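Throughout, a chain's letter reflects where its sequence line sits, starting with A, and its residues are numbered from 1. Please read all numbers here as calculations on a predicted model, not as lab measurements.
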Amino acid sequence: MRTRISELLTHAKSGQGCELAGWVRSVRTSKEMAFISLNDGSNLAGIQIVADHKLANFADIARLGTGAALGVTGRLVESPASGQAWELAAEEIRIIGAADENYPLQKKRHSFEYLRSIAHLRPRSNTFGAVFRLRSRLAQAIHRFFNERGFLYVHTPIITASDCEGAGELFRVTTLDAASPPLVEGQPDFGQDFFGQRTGLTVSGQLEGELFSLAFSDIYTFGPTFRAENSNTARHASEFWMIEPEMAFADLSDDADLAEQFVKYLCRFALDECSEEMAFFDKHIENGLLERIRTVAEADFGRMDYSNAIDRLQRSGVSFAFPVEWGLDLQTEHERYLSEQVVGGPVFILNYPKAIKAFYMRQNADNRTVAAMDLLVPKVGEIIGGSQREERLELLELRMDELGIGKEPLWWYLDSRRWGSCPHAGFGLGFERLVMYLSGMENIRDVIPFPRTPRHAEF
RNA sequence: UCCCCAGUAGCUCAGUCGGUAGAGCAGGUGGCUGUUAACCACCUUGUCCGUGGUUCGAGUCCGCGCUGGGGAGCCA
């Protein structure tokens, strides 16, 4: 039966008979023979098919265009020419699905912008083949990492009624008639909606994740999240995947330890188990990528208080575009400077001013900072954000009051602090940003199979 | 949402000072006994994003619109 090309090459034996199927990347013909570069998506290089002119349908084969689907029966032989170790001497080539000259993908470089417009075909290209193989394997590696450490994988809800985190605009979920919804006091009456209240797509599974960590000790979520923000940048999508571990009986330092292990594990994994893709990215997408990832995999991550970071930035003598002052958030230029110039590697910035961080973060004894952390890495800046959560009910309620966050809709969250509350901490990581970081790809739209961004939901 | 930049052949792009567009690739035909995004020869392909204006004349200058990209804000 059909063998996948990567599998065939892994266990290659001279003279081995086999059957392959895949898509044509290029055909080179001469009078006596044709060379077909065939790819089935299982690896980057594909395999070279050698077709002799004695094949019954040689004339058809010689006219094959890029993109056609073929079934090939033949024998694996050591290639007499340089360029590949093995090739397949074809005994039979079946044209399963032809591709005419209008096939939009050509055997040459295309712009990413153009490839985005043919997102249904771009996975057949080298770059996107490599990106989506890496993405798939990374997803598996993330599960493996947490599974090895005994973390419970929890599926937090995608439809939610809690809109309270303020983590960006919510997509509404409703079955009300948009043209003429039932009204109460001139406003749509969501009491008559499907769920009997306003609902939307989740912006984060963290709050529900915390509840599970207070039962299973160590948990993680890994699922889609949605933001209806009209942000049009290379780093934002309306639909993206997020990883959010949460540990009970853990503080900010434990949280940073986990994040450090996690990032190093994934760097190591990409280098070791996706080496063909990583070498491709290093050569064609970002020169020096391998070196950059290797450095991170082996580094001891630095740790620095926010106050200290501000001090270092102010004394740097560098003139930044944005002001540096205690109480202001760090901009990307500051984050990169700290990571690249001050530390020379990944660094956690700890204990941020409470005014610029979320309500659920644990207040420190100094009464002006919270136990928050950001992991900054060279080239991109922030890659992970996390915190120790406020486990003390009175302080949490006080903080919600200060920020005007309604306690009623979050009664269940507050309940978790009422009975058996304990210190706990976690972090969040955007999966696409991880894929970007490890591949060197610079646009989030090029690491999601079918990206959703403002005004774009095709495919 | 704001600020910049771009839009020319199926694709990647060039187009000088305003004078009605041309390279490579793709496609076609022929050649080639081992090619590597093969090579060699010949051939085909245009609503120059749309719209209004300036001008004897606009791909080129100006206004508006659409689309794409980059940056910012927001964030993951």
Side-chain angles (χ1 to χ4, degrees), chain A residues 24-39 45-54 62-63 65-67 77 79-84 87 89 99-118 121 125-127 165-169 202-206 221 223-244 284 321-322 329-333 335 356-358 374-375 380-386 427-437 442-448 453-456:
Chain A
V24 172
R25 286 294 176 78
S26 82
V27 182
R28 301 176 283 275
T29 58
S30 60
K31 205 158 98 186
E32 303 274 313
M33 54 179 51
F35 299 93
I36 301 165
S37 168
L38 194 76
N39 190 291
I47 193 167
Q48 171 160 283
I49 310 292
V50 184
D52 191 90
H53 73 290
K54 287 174 205 138
R63 295 167 60 89
T66 303
V77 297
S79 179
S82 64
Q84 60 282 314
E87 63 190 23
D100 68 12
E101 68 279 7
N102 295 315
Y103 183 61
L105 266 178
Q106 297 177 11
K107 52 182 181 186
K108 64 161 201 161
R109 193 178 181 83
H110 289 290
S111 67
F112 289 143
E113 292 80 11
Y114 172 67
L115 290 167
R116 260 170 237 153
S117 74
I118 52 166
L121 297 171
S125 68
N126 283 338
T127 299
E165 210 200 320
E169 208 54 31
T202 183
V203 296
S204 161
Q206 184 200 310
T221 73
T225 49
F226 307 87
R227 306 275 167 95
E229 288 290 348
N230 185 19
S231 52
N232 239 309
T233 84
R235 297 192 191 289
H236 292 83
S238 311
E239 176 181 315
F240 62 99
W241 286 59
M242 196 147 62
I243 300 127
E244 295 177 294
H284 293 108
F322 289 86
D329 210 353
L330 299 176
Q331 300 291 324
T332 300
E333 57 170 346
E335 295 175 339
I356 57 173
K357 291 292 181 183
D374 282 355
L375 175 60
V380 299
E382 182 192 333
I383 189 161
I384 282 181
F427 63 81
L429 168 68
F431 183 48
E432 284 75 16
R433 291 192 178 172
L434 177 76
V435 178
M436 289 167 74
Y437 185 69
E442 289 186 335
N443 197 312
I444 196 167
R445 287 167 277 215
D446 296 329
V447 299
I448 307 179
T453 54
R455 301 189 314 284
H456 296 279

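Position along RNA chain B of the nearest nucleotide to A:Ser238 versus A:Glu442 favours A:Glu442 as the more 5'-ward residue.
Base pairing analysis places B:C39 opposite B:G31; the two distances defining the Watson-Crick or G-U wobble pair are each below 3.5 Å. Remark: B:A72 base-pairs with B:U1; criterion is Watson-Crick or G-U wobble with both hydrogen-bond distances under 3.5 Å. When Watson-Crick and G-U wobble pairs are counted only if both distances are under 3.5 Å, B:U20 pairs with no nucleotide at all. B:G46: no Watson-Crick or G-U partner with both key distances under 3.5 Å is found in any strand. In a base pair of the Watson-Crick type (N1 to N3 plus N6-O4 or O6-N4) or a G-U wobble (N1-O2 and O6-N3), with each distance short of 3.5 Å, B:C61 is matched with B:G53. In a base pair of the Watson-Crick type (N1 to N3 plus N6-O4 or O6-N4) or a G-U wobble (N1-O2 and O6-N3), with each distance short of 3.5 Å, B:A9 is matched with no nucleotide.
Closest to the side chain of A:Arg227, from the set B:U29, B:C75, B:G70, is B:C75. Listed nucleotides B:A37, B:G70, B:A72 differ in distance to A:Arg28; the shortest reach to its side chain belongs to B:A37. Taking every side-chain heavy atom of A:Ser79 into account, B:G34 is the closest of B:A26, B:G34, B:U29.
At a cut-off of 3.5 angstrom, counting only N and O atoms as typed in the model, there is no donor on one side facing an acceptor on the other between the side-chain of A:His110 and the base of B:C11. For B:U35, its base never sits under 3.5 Å from the side chain of A:Glu32 at any donor and acceptor pair. For B:U12, the base has no donor-acceptor partner in the side chain of A:Gln106 [N/O atoms by modelled type, under 3.5 angstrom].
At a threshold of 4.0 angstrom between heavy atoms, the contacts of A:Ser82 include nucleobase atoms, whether or not backbone atoms are also involved. Nucleic acid contact for A:Thr225: none, since no nucleic acid atom lies under 4.0 Å from a heavy atom of the residue. Within 4.0 Å (heavy atoms only), A:Ile444 reaches at least one base atom of the nucleic acid. Among the protein residues, A:Met242 comes within range of the sugar-phosphate backbone only, with heavy atoms under 4.0 Å from sugar or phosphate atoms but none that close to a base. Contacts of A:Phe240 with the nucleic acid, taken as non-hydrogen atoms under 4.0 Å apart, include base atoms. A:Thr66 comes within 4.0 angstrom of no nucleic acid atom, judged by non-hydrogen atoms across all strands. Counting any heavy atom pair closer than 4.0 Å across all strands shown, A:Glu87 reaches a base atom. Across all strands, A:Ser30 comes closer than 4.0 Å to base atoms (heavy-atom distances). Across all strands, A:Tyr437 comes closer than 4.0 Å to no nucleic acid atom at all (heavy-atom distances). In this structure, A:Thr233 reaches the bases: a heavy-atom distance under 4.0 Å links it to at least one base atom across the strands shown. Within the 4.0 angstrom heavy-atom criterion, base atoms lie near A:Ala237. Residue contacts shown for A:Glu432 are absent, as no nucleic acid heavy atom lies under 4.0 Å away.
Nucleotides B:G22 and B:G46 place their C1' atoms 11 Å apart, quoted to the nearest Å. Of the P atoms belonging to B:U47 and B:C11, the separation is 11 Å, rounded to the nearest Å. The same atom, P, is picked in B:U16 and in B:G7; the two are 12 Å apart, to the nearest Å. As rounded to the nearest Å, B:C32 and B:G50 have C1' atoms that lie 48 Å from one another.
At a threshold of 4.5 Å between non-hydrogen side-chain atoms, the residues A:Leu105 and A:Thr66 do not count as touching. Looking at heavy atoms from C-beta onward, A:Arg455 lies in side-chain contact with A:Asn232 at the 4.5 angstrom threshold. Side-chain atoms of A:Arg116 and A:Asn443, non-hydrogen and from C-beta on, do get closer than 4.5 Å to each other. You'll find the side chain of A:Arg445 stays beyond 4.5 Å of the side chain of A:Phe112, heavy atoms only.
Taking all atoms of both residues into account, the shortest heavy-atom contact from A:Asp374 to A:Gly386 is OD1-N, 4.5 Å. Nearest heavy-atom pair, A:Glu333 versus A:Phe322, reported as atom, atom and distance to 0.1 Å: OE2-N, 2.7 Å.
For A:Phe35 and B:G34, the CZ to C1' distance is 4 Å, given to the nearest whole Å. The distance between atom CD1 of A:Ile36 and atom C1' of B:G34, rounded to the nearest whole Å, is 14 Å. When rounded to the nearest whole Å, the span between CG of A:Asp52 and P of B:G34 equals 13 Å. Atom NE2 in A:His236 sits roughly 13 Å away from atom C1' in B:G71 (whole-Å rounding). Spacing between atom CD of A:Glu229 and atom P of B:A72 amounts to 16 Å, rounded to whole angstrom units. Distance A:Arg235 CZ to B:A72 C1': 13 Å, rounded to the nearest Å. Atom pair A:Lys31:NZ and B:G34:C1' shows a separation of 15 Å (rounding to whole Å applied). Here B:U35 presents its P atom at 18 Å from NE2 of A:His53, a figure rounded to the nearest Å.
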Enumerate the protein-to-nucleotides 67-69 of chain B contacts in which both atoms are nitrogen or oxygen and the separation is below 3.5 Å.
unit_1, atom_1, unit_2, atom_2, d
B:G68, OP1, A:His456, NE2, 2.6
B:G68, OP2, A:Arg455, NH2, 3.3
B:G69, OP1, A:Arg116, NH1, 2.8

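No option in A:Gln206, A:Met242, A:Glu239 other than A:Met242 meets the side chain to side chain contact (heavy atoms under 4.5 Å, CB included) test with A:Thr225. For the pairing with A:Ile36, the side chain to side chain contact (heavy atoms under 4.5 Å, CB included) check across A:Val50, A:Thr29, A:Val24, A:Ile47 returns one residue only, A:Val24.
Note on A:Arg25: every side-chain N or O is 4.0 Å or more away from OP1 and OP2 of B:U35. At the phosphate of B:G73, OP1 or OP2 sits under 4.0 Å from a side-chain N or O atom of A:Gln331.
Base orientation of B:U20: syn, since the glycosidic angle falls within 90° of 0.
Not one N or O on the side chain of A:Glu87 forms a donor-acceptor pair closer than 3.5 Å with the backbone of A:Gln48.
A distance of 6.0 Å separates CD of A:Glu229 from CD of A:Glu169, quoted to the nearest 0.5 Å. We find the CG-CD distance between A:Leu429 and A:Glu382 to be 10.0 Å, quoted to the nearest 0.5 Å.
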